[in-house]
Amino acid sequence: MADEESGRFVAGQTALVVPVPEAEAVVRPWRDRFDPAARAGVPAHVTVVFPFLPASLVDAGTCAALDEIFGQHRSFEVRFEKSGRFPGVLYLAPTPDAPFRGLTDAVVERWPEAPPYGGKYDPHPHLTVAQGQDEAVLDVIEAGLRPGLPFTARVPTVDLVAYDGTGWLHRASFALR
């Protein structure tokens, strides 16, 4: 979730994420060392939209709209059984990924001015484990993850988090039905 240009977070950024507490035992040791989002206070998660609206624009009306949007989607189970890579990034791939895509699509339909990753990348649901590392380091991390796979997680909520300049803070949770 780092700003792609600077590699840092920007105060006032927000994100919509699905927390995956079931992943913590498997990924926490790696994320703490190799994922800036973990060091900034974001739990293991699958991103729905980052960046979302600037924090200054997220008000009660925005939260009510998010509550309505996410309330139209069913909670679901997801399985993490394999890893994948983007350049310099190691992630766990959720199966199925269609429910995550549906959540992202619904938010973007309502707020087209907030495309995932600023429109730079096609959204691809994933749980980041490490980023900014060379392939040899990612190989070691990937091998270390294998004994913890597969695992299943329940997805009952989407969280709104905001970066205050020091860390990511939980602002709200929105229940799926």
Side-chain angles (χ1 to χ4, degrees), residues 1-71 73 75 78 86-92 94 100-101 103-133 141 153-176:
M1 285 183 9
D3 176 83
E4 299 301 328
E5 300 302 320
S6 67
R8 288 183 268 232
F9 304 113
V10 177
Q13 285 180 319
T14 65
L16 295 166
V17 301
V18 169
V20 185
E22 297 89 342
E24 291 292 348
V26 176
V27 302
R28 172 61 60 192
W30 302 110
R31 288 187 71 240
D32 282 347
R33 290 177 56 201
F34 301 106
D35 183 5
R39 292 190 300 273
V42 180
H45 68 280
V46 174
T47 300
V48 175
V49 174
F50 170 80
F52 184 49
L53 302 175
S56 61
L57 299 179
V58 177
D59 58 14
T62 305
C63 289
L66 288 167
D67 194 46
E68 182 179 336
I69 288 167
F70 294 132
H73 294 261
S75 63
V78 64
F86 304 127
V89 175
L90 176 67
Y91 64 85
L92 296 180
F100 292 107
R101 291 178 187 278
L103 296 171
T104 299
D105 290 347
V107 172
V108 171
E109 182 177 321
R110 171 60 180 81
W111 289 281
E113 68 274 23
Y117 307 105
K120 293 179 186 177
Y121 310 103
D122 287 331
H124 180 90
H126 64 283
L127 190 156
T128 299
V129 178
Q131 54 183 309
Q133 305 300 313
I141 298 167
R154 185 93 190 126
V155 178
T157 62
V158 176
D159 289 356
L160 171 67
V161 295
Y163 189 67
D164 70 357
T166 304
W168 286 91
L169 304 174
H170 179 269
R171 294 267 309 266
S173 290
F174 306 98
L176 304 177

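- Here Ala40 pairs with Phe9, Tyr163, Trp168 under the side-chain contact (heavy atoms from CB on, under 4.5 Å) rule; sequence neighbours left out.
- Residues Ala55 and Arg171 share a closest heavy-atom pair of CB-NH1, 3.8 Å.
- Heavy atoms only, all atoms of each residue included: Pro19 and Val17 are closest at CD-O, 3.4 Å.
- A heavy-atom distance below 4.5 Å is not found between the side chains of Pro94 and Leu127.
- Separating the CG atom in Leu169 from the CG atom in Asp164 is a distance of 4.5 Å, to the nearest 0.5 Å.
- Listed by chain and residue number, Phe86, Tyr91 satisfy the ring-ring contact (aromatic ring centres under 6.0 Å, His included) test with His124 (two or more places apart in sequence, or in another chain).
- Pro29 is linked by a side-chain contact (heavy atoms from CB on, under 4.5 Å) to nothing, counting only residues two or more places apart in sequence or in another chain.
- Take Pro116 and apply the side-chain contact (heavy atoms from CB on, under 4.5 Å) test, not counting sequence neighbours, and it matches Thr104, Val108, Pro123.
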(request) Begin with the C-alpha distance, continue with both residues' side-chain angles, and end with the deciding distance and a verdict on side chain to side chain contact (heavy atoms under 4.5 Å, CB included) for Thr47 and Tyr117. (result) CA-CA 10 Å; Thr47 300; Tyr117 307 105; 3.7 Å; yes

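- Residues passing the side chain to side chain donor-acceptor pair (under 3.5 Å) test with His126, sequence neighbours excluded: Thr128.
- Residues meeting the side chain to side chain donor-acceptor pair (under 3.5 Å) test with Thr62, sequence neighbours left out: Asp59.
- In terms of the ring-ring contact (aromatic ring centres under 6.0 Å, His included) criterion, residue partners of Trp111 (sequence neighbours excluded) are, by chain and number, Phe52.
- Counting heavy atoms from C-beta outward, Val78 and Phe100 have side chains that approach closer than 4.5 Å.
- Across all their heavy atoms, Val129 and Asp35 have their closest contact at O-CB, 3.7 Å.
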(message) Is there a side chain to side chain contact (heavy atoms under 4.5 Å, CB included) between Glu113 and Leu53? Walk through the geometry before answering.
(response) CA-CA 8 Å; Glu113 68 274 23; Leu53 302 175; 3.9 Å; yes

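- Taking both residues in full, the closest heavy atoms of Trp30 and Val26 are given as CD1-O, 3.7 Å, listed atom of the first, atom of the second, then distance.
- Under the rule for a side-chain contact (heavy atoms from CB on, under 4.5 Å), the partners of Ala172 that lie at least two apart in sequence or sit in another chain are Leu160, Phe174.
- Using a distance-only test at 3.5 Å, with no hydrogens or angles considered, no donor-acceptor pair links the side chain of Arg31 to the main chain of Ala130.
- The two atoms that bring Ile69 and Ala106 nearest to each other are CG2-CB, 3.6 Å, heavy atoms only.
- Scanning both residues, Leu103 and Phe70, for their nearest heavy atoms gives CD2-CD2, 3.7 Å.
- In this view, Arg154 and Ser75 satisfy the side chain to side chain donor-acceptor pair (under 3.5 Å) rule, not counting sequence neighbours.
- Residue pairs meeting the salt bridge (charged side-chain N to carboxylate O under 4.0 Å, His left out) criterion with at least one partner in residues 11-29, sequence neighbours excluded, are Glu24-Arg28, Arg28-Asp32.
- The side chain to side chain donor-acceptor pair (under 3.5 Å) check on Ser173 picks up Asp159, His170, with sequence neighbours excluded.
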